[in-house]
Structure formats: C-alpha cells, structure tokens
Amino acid sequence: MKNKHFTDARRRLLEKLYDHLNDMQKQAVFTVNGPLLILAGAGSGKTTVLVNRIAYMIRYGNAYMSNEAPDGVTDADTKILENALTLPKEEAAATLDAYIAEADRIPAWSILSITFTNKAANEMKQRLEKMVGSENAAQIWSGTFHSVCIRLLRRFGERIGYPRGFTIYDADDQKRLMTAVIKDSGTDDKMFSPKSVLSYISRQKDELLTPEACAKEAKDYRTSKYAELYKEYQKRLTSANALDFDDIIMQTVRLLREDDDALSYCQNRFRYVCVDEYQDTNHAQFVLTSLISAKYRNLMVVGDDDQSIYRFRGADIENILNFDREISDAKVIKLEQNYRSTKPILDAANAIIKNNQGRHGKNLWTQREDGEKVSLRRLSNQSEEARYIVDTITELKRAEGRSLSDFAILYRMNAMSNNLEGAFNRSGIPYRILGGLRFYERKEIKDILAYLCVINNPSDNLRLKRIINEPKRKIGDATVNAVEELAGYHGLSMFSVMRNASDYPALAKAAPKLTEFTSLILGLQEIAGAENLDVLIDKVLDLTGYRSMLKAISGEEGETRLENVNELISNAVEFTMTHEEASLSDFLEEVSLVSDIDNYDPSAEAVVMMTVHSAKGLEFPVVFLPGMEEGIFPSQLSSYEPEELEEERRLAYVAVTRAKEHLFITHSKERLLYGKSQYNKLSRFVSEIPEELFDTPPEKDLPSRRASDIVISTSKPKPKIADEMLKKPFTPGFVNPAAGKAEHFDAGDVVEHPVFGVGMVISAKSVGPDIMYEIAFDNSGTKKMMGTYAKIKRHIGA
DNA sequence: AGTCAGTCTCCTTCA
DNA sequence: GAGACTGACT
C-alpha cells in the first residue's frame, strides 16, 4: 500500500509539473514505453509535445506510468511529495528529482529522434538544449532520415561496399548521369527521358526494389527497359562510390538486413525511437524504423494523416493510417485542440477535409470563438489579383499596424509567383520568395562546388566533366569523350588519364591543355591541405579564372552571380567557425543536405511567398491563397484519380491551417498560364466551405458546382494489380527469415480475421523479424497488418 | 568551339 | 511566357 500512495503522489506531482499541457498532450508525454501513435492536428502543439516528452524521459524516465516506488520509501516520503504540490514548479521538480533513481532515467544517447527537415531538427535541438542542457541534447541522435542514415553508412557502409569517402549525388548529378546512361545504351531518348527514368528509379528505391527485382517484375518492353537503365545507372553510381538521395535510405536498410553487427548496434543503442511527420514516410523509411525499433518496440510516431502531401514522391499514407491496425497493442493519442487559428479559419479547414474518405478522422477545435471571417474575392485577371493582394497588405499594415513579416502568400505552383513579384516590385514592398531555384542549385554555386568536389576527390568524373571547360579553356566535347573512353578502357579515372595525357597518342593535341588543368587542381589540393575553406574557395575563384569570367558578364546578372559566389564564401567562413575540424569533405556533405526552407528567417521585415508544400509546418498571422480555381488548385493533373484529388484536398487543408488570424482567398476570372488564357471556375475546395464563414458569399454568376464535378471516392479503393506487382519484396537474398511461431501465409491464401471477416492475402513481405501481410477483405477493403499481431487464421470453408 | 534561332515543355519537392 | 535544349551555322 505504501507503494501505491507514493506512486499516486508522484503522478499528481508530475501532472502539476506539466500543467502547461492539455490532458491529451500530457498523456502523450507520459507514454514512454511501447508503440505509440500520436495524431497531431495542425497547430495542436506537436513540437511542444515532442520536446517535452524527450525531456521528461531523460529526467524522469517512465515515472508516471510506473507502479514501482524506489526501495525503502515511507509514508513520510509520500508526504514530502504531496507537500511539493504547493511549491513553485522548480522546487517541486527538484523534490521529485531526489526520488528518481539514476538507473530509471533514460539516457539521452539511447534516444533517436527523426524529423522531416533540417530546420525541424535544429529547432528541436535548440528547444531541447534549453530543457535538458547542452550535454544531454548533444547525446540525442536527432536529424532527418537522411542525416541519420549517412551517419550509419559512414560507420558501417564499408560492409556493404560503400567506403567512408562516398559522395552524394543531387538531382542535377543524377540527371547528368542518367543522360549518359540513356545515350550509351542506345535507347530512344524520346520515349525514355532522364526525368521519367529517374522518377521511376526513385519510386523503386522508395519501395526497396533492386534493379534485379525490377527486371524480374518487368512485364512489357517499357518496364524491362526501365529496369535495364536502372541497373546500368546503379552500376555507375556504385563504381563512383556515390549514392543518390534514395540510396541513402535504401542502402541503410540493406545494411541493417545484411549485417547483424550493424543491426544489433542500432537496436541496442536506439531503445527509444521517435519519428515526426510520419504521414510523409515512404515504404523504405517505414521498414527502416521497423527494423531499428524491433527489439525494444519503443516506437513513437507523430503525424497528421490530413497533412500527407507527398504521395508524388513516394510517401505512403497507409503507414500512418495502418499503424494501429498493424500493431495491435499500439496506443493512439489524438491532439485535436488547435492553438493556432481562429474559429472561422478552423471551421473552413474542417469543412474542406471532412470530404476525404481515407482518414483517421478528427475534428480540430479551438477555444478562440472570435475571429474575422474568411475573405473571398474574385478578380478579373491575375494582375488584378496580385494588385489586390499588395493593396490589402498595404492597407492592413496601415490600419492594423501589422509588420510585413505577418504576411504570407501561398500558391499551388511556383509559376504563380511571377505576377505577384511584379506587383510587389512596383509597390516597393519588400518580399522574399522561397523555393524555385535554390541557392545551392544555382549554376555558379554548383560549378564552384564541383571544383571543390574534384579537389576533394579527383576521381569524381561527373563533377570533373562539369568544370573541365568552365570557364572555357578550349577542351571540347571531342577531347572529353576521348579521355572518358581511355579511362574506361584502362580502368582509370579520367583525372589520372588527363594527368598523363601525353602518354596517349589519341590525346596528343590536347595534352598540354589537359595537364595544365590537372596541375591547377593539384595546386589547389595543396592549398586545401594548408588553408581554411574560405581561402580555398577564394583561390579557386582566382586561379581557375572563374571570377574574371563572372566579372566579364555585363549587367545585373554578372553582379548577382558574383554576389552568390561571395555568399558561398561567407557560408564557408561560418562553417569553419562552427565546426571544429572543418574539412572540405564535411563542408561538401553539409552543403548537399541543406535546403532553402532551412534558411527561412521568419523575423525578416518582408512579405514571404512560397508554395503550399513549402509552407507545411509554418504559420503566419495573415495568409493569402491566390488562384483557388479548378485546374489550378486542385491541379488539372489531379482531377482524374480520386486518390490524387484527396491529396489535393489535404494540400488545401494545409494551406488554410497555416493562417492564424486572417485568411484571404482569391480567384481570377481570367488567368494567363503557360502563355494561354484560362477561364477557371471557383475551386471546389472553396465551395466546400459553408457560406456563412465568408465575409462576402461566393459570386453567384459563376457556374455553380455541379454534382459531376465532385469525384466521390469509393470507401476503400481496391489495389491496382500494377501496384501490387511493384510492391513485391526485395531480391530473395535480401529477405530476413521471419521470426515467431505464427502461422505463415502466402499470397493467394484465404484467411479470416475476427473483425474484418474473410479476405485474401495479396502480398506477404518481410519487415525486420516480422511479416507484413496485405489482405483484401471481402467486405472491409484492403488492410496491411503484421503477422505477429494480426489475429488472422486460415479460412476453412467453401 | 561558340553562337543564335527555333522548338519544346511546363505541378508540388524533401533529403 | 520563360527557360532549357537542339541543331545549324560561323
């Protein structure tokens, strides 16, 4: 009984310590052990929960749920805790601290926290530092899927054929490589564009399919050609010791499946795994988290199925929809209280999203009953629309004393920024555009980085080809091709062939130019060994003639490009200052992993514009949504498939829920897009919002919504055969033997489930030690479930 | 090797 | 309507 009194008092005290959270948030924080799904609606304080939960684990372990009291506690101790309830929080916390055994606290190094962007990871680190101290914070493994996987590959990659110095190819590198692959294979590049092949490969890698598996599944000319190109592409990647972004995940999964040491290292170390933005994970990432958390099963995933907007790049919403079905003992907590938006905005968002079928279903509510209605305006064309937005911002700034940083304009596609930009330029209001061409994708930056890559690793043929004649040094395609061929024939890198160019008769004429280039690089290598990064970049610009080339470009363009290059030098200075051993290869790695949104500064005095996709996770007092028209939002391309349309609706939901205080929706009678005039109807998503939420009702002279405009999804879309074919497991050697004594089923078996009834197994694939079945139930649609937990048995009967 | 004119394409994007 | 790419010409 003593124990119970003590643990009750401890619980009450913990509740007090976390009384700045609501009940659901507290539950989420206090649930430390076992599988946990947190469905966090937009603006429901998700990050707060994540940070508080980790801080709680480190400081108090599992104290709230535990019924164990420390040895030798007496009624007097219980009294002390009860008295602490009246103390100020900090003293109360200190009192409780004294009753937590060191062994019961969860060590920071055993926590793995995965986020979606670097920005989210950094934010989290900063907040954690304040709560648990920098020493603890530094021990938590936190980062994006990619950064975590790279750390693992740097450590264990050698075991699966990736020595430490591997490089990462970005989209541009990939495209260059694929262009070469297509050309060399003699494939008709009209039918197989680099873009389409790369996107195919990316989807395959998301699904963990190797080139061999793809070849086996291929059922027609097109798919077998794809598989063939995939195979050659992968071969060249591997021989360059390079990985593309999808490889980073896929090869880490392969590492964990093939190498027991790596797997047990991860499983034993990461006893607590947290994954943010779970609705946007793909199959490979799902398998990765399953593998890592399989031993201790302390897996917490957070996300919002209503904000899943990355289907087009392989995200599988089923991961979050089925989490609690696959893992029957998973606890589910819904965070539905919204702290961000006023009621009209939230009601509008709810009204839109409730039209989706495939969702967990939740209803956001707010205590803020007040708030301005949603503004809806129709303008005659897109210039008028842009002017309306600029005028409104000017007026709100004057009338409400708002700062420019309060305003955001969110659009469906980057092409829409043009008119807005023009209007802002004319008005003189400062603005910033996020997205579009990223800093590190600019040509001059990529060129300089290519120089650095070659200095760092002269056998990087791809980067070498990029800069060999940039600035122009009279080394033409013919010469480059000859070098490449010789390199391939002799099994050497292009650089070493060039270095000894005079040894090859075929290069006799170009030899002086080639050796001049290699001496340049070798000279820069010496500088790299002796000087700081910024000095090196400066020397690269001087000695290669790149700076004088930029200076020679007349007008504004040369200037901006010089500015960009100088910006890169400042980045290098900053990197040198913030990293103790700032090596060239570390810098290159960091650079390849940053994105635009990571650099977004919300306090800058300027209006910000970006796509709705980029705005996920952000919030603004005033939001403008231009172009809410059929064919734009939802986009034309999405209107054919119900699933695509649901994704667009989720995107609209994300857009609306970014606004805190005032939402402006505009649409235009006429819109010039891609050089053609369009006359679009009001977006169906706007029509889904009840009229009373608008300041003025939608204009009636527009053709109103017709029943035929609304695509009604079937309750659970049956899987398409094509998709099933693609989801077959890895090559056989890749698959771990399934553990457990549960009965094993194969595709085609008819099974029975206590809730879902009779169904047929569509696929069975190994996921770590378990098997994931995909079962098409006769009356309940298709479900994915894990073999160990699913209560299925063989169906006996006619 | 470099330039220019004509042709083609065009959603969203993270690491 | 703008940027990327291609092919012919200098």
Side-chain angles (χ1 to χ4, degrees), chain A residues 114-121 143-151 168-172 174-175 179 189-190 193-196 198-199 202 205-206 243-250 252 276-277 280-282 284-285 288 308-315 382 410-419 421-422 434-438 440-441 443 469-480 510 513 589-598 610-617 627 631-639 644 647-648 650-652 654-655 671-678:
Chain A
I114 299 175
T115 49
F116 194 61
T117 60
N118 288 310
K119 185 168 176 283
T144 60
F145 270 106
H146 291 83
S147 71
V148 168
C149 286
I150 286 173
R151 276 177 83 173
I168 297 156
Y169 276 11
D170 67 8
D172 191 72
Q174 286 179 277
K175 200 176 156 219
T179 310
D189 55 2
K190 294 275 182 300
S193 67
K195 204 183 145 191
S196 69
L198 284 171
S199 120
S202 181
K205 288 184 175 177
D206 288 343
L243 297 106
D244 63 22
F245 283 123
D246 302 309
D247 270 338
I248 293 172
I249 312 293
M250 175 167 171
T252 305
D276 194 6
E277 306 282 12
D280 286 322
T281 52
N282 60 34
Q285 291 163 335
L288 185 76
S308 170
I309 54 173
Y310 285 109
R311 200 173 105 97
F312 68 90
R313 69 176 200 223
Q382 79 273 351
L410 311 178
Y411 34 74
R412 182 61 185 59
M413 50 192 166
N414 282 310
M416 290 174 62
S417 67
N418 241 336
N419 288 295
E421 224 176 320
L434 255 70
L437 196 56
R438 272 179 277 281
Y440 286 102
E441 284 169 8
K443 184 183 182 309
N469 203 29
E470 192 73 44
K472 303 281 177 269
R473 35 177 89 84
K474 307 248 169 198
I475 303 175
D477 284 349
T479 311
V480 174
K513 282 176 271 177
E589 181 172 302
E590 161 121 347
V591 154
S592 64
L593 294 177
V594 301
S595 78
D596 238 30
I597 201 89
D598 296 337
M610 67 186 94
T611 62
V612 179
H613 280 95
S614 306
K616 195 179 76 167
I632 306 273
F633 201 168
S635 101
Q636 192 58 54
L637 291 126
S638 68
S639 53
E644 289 284 329
E647 172 123 334
E648 290 284 313
R650 292 192 289 269
L651 192 58
V654 169
R671 180 174 301 277
L672 200 63
L673 193 69
Y674 303 137
K676 274 192 300 193
S677 262
Q678 299 181 353

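Labels below follow one simple rule: chain letters A, B, ... track the order of the sequence lines, proteins then strands, and each chain is numbered from 1. Because the structure is a prediction, the values reported are computed rather than measured.
B:dA15 atom P lies 9 Å from atom OH of A:Y310, rounded to whole Å. Atom P of nucleotide B:dA15 and atom CG of A:D280 are separated by 12 Å, given to the nearest angstrom. Note: CD (A:Q174) to P (B:dC14) measures 15 Å, nearest angstrom. Atom pair A:K616:NZ and B:dT13:C1' shows a separation of 11 Å (rounding to whole Å applied). Going from atom CE of A:M610 over to atom P of B:dT13 covers 11 Å, rounded to whole Å. If you measure from atom CZ of A:F145 to atom C1' of B:dT13, you get 17 Å, rounded to the nearest angstrom. The distance between atom CD1 of A:I150 and atom C1' of B:dC14, rounded to the nearest whole Å, is 13 Å. If you measure from atom NE2 of A:H613 to atom P of B:dC14, you get 10 Å, rounded to the nearest angstrom.
A stacking contact links A:F312 to B:dT12: the aromatic ring centre lies within less than 5.5 Å of the base's six-membered ring centre, and the planes differ by less than 30°.
Remark: A:E648 does not engage A:R650 in a salt bridge, criterion side-chain N to carboxylate O under 4.0 Å.
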Distances under 3.5 Å between nitrogen or oxygen atoms of protein and nucleotides 2-5 of chain C:
residue: C:dC5; atom: OP1; partner: A:K175; partner atom: NZ; Å: 2.8

For nucleotides 4-11 of chain B, list the nitrogen or oxygen atoms of the protein found under 3.5 Å from its nitrogen or oxygen atoms, one pair per line.
residue: B:dC11; atom: O2; partner: A:R412; partner atom: NH1; Å: 3.1
residue: B:dC11; atom: O2; partner: A:R412; partner atom: NH2; Å: 3.0

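Heavy-atom neighbours of A:K175 NZ from other residues, nucleotides or ligands within 6.0 Å: at or below the threshold of 12.
In this structure, A:K474 contributes its side chain and A:K513 its backbone to no donor-acceptor pair below 3.5 Å.
Considering every non-hydrogen atom in both A:V148 and A:I114, the closest pair reads CG2-CG1, 4.5 Å. A:F116 and A:T144 make their closest contact through O-CG2, 3.8 Å (heavy atoms, listed as atom of the first residue, atom of the second, distance).
Judged by the 6.0 Å and 45° rule, A:K616 forms no cation-pi pair with A:Y310.
The 5' end of DNA chain B is approached more closely, in terms of each residue's nearest nucleotide, by A:N469 than by the other of A:N469 and A:L651.
The shortest side-chain heavy-atom distance between A:Y411 and A:I632 does not fall under the 4.5 Å cut-off. Side-chain contact check for A:M413 versus A:L673: some heavy-atom pair is nearer than 4.5 Å.
Just one of A:D247, A:D246, A:N282 meets the side-chain hydrogen bond (donor to acceptor under 3.5 Å, both in side chains) condition when paired with A:K205; it is A:D247.
Here A:K472 lies in heavy-atom contact (under 4.0 Å) with sugar-phosphate atoms only.
Which of B:dG2, B:dA15, B:dT12 sits closest to the side chain of A:F245 comes down to B:dA15.
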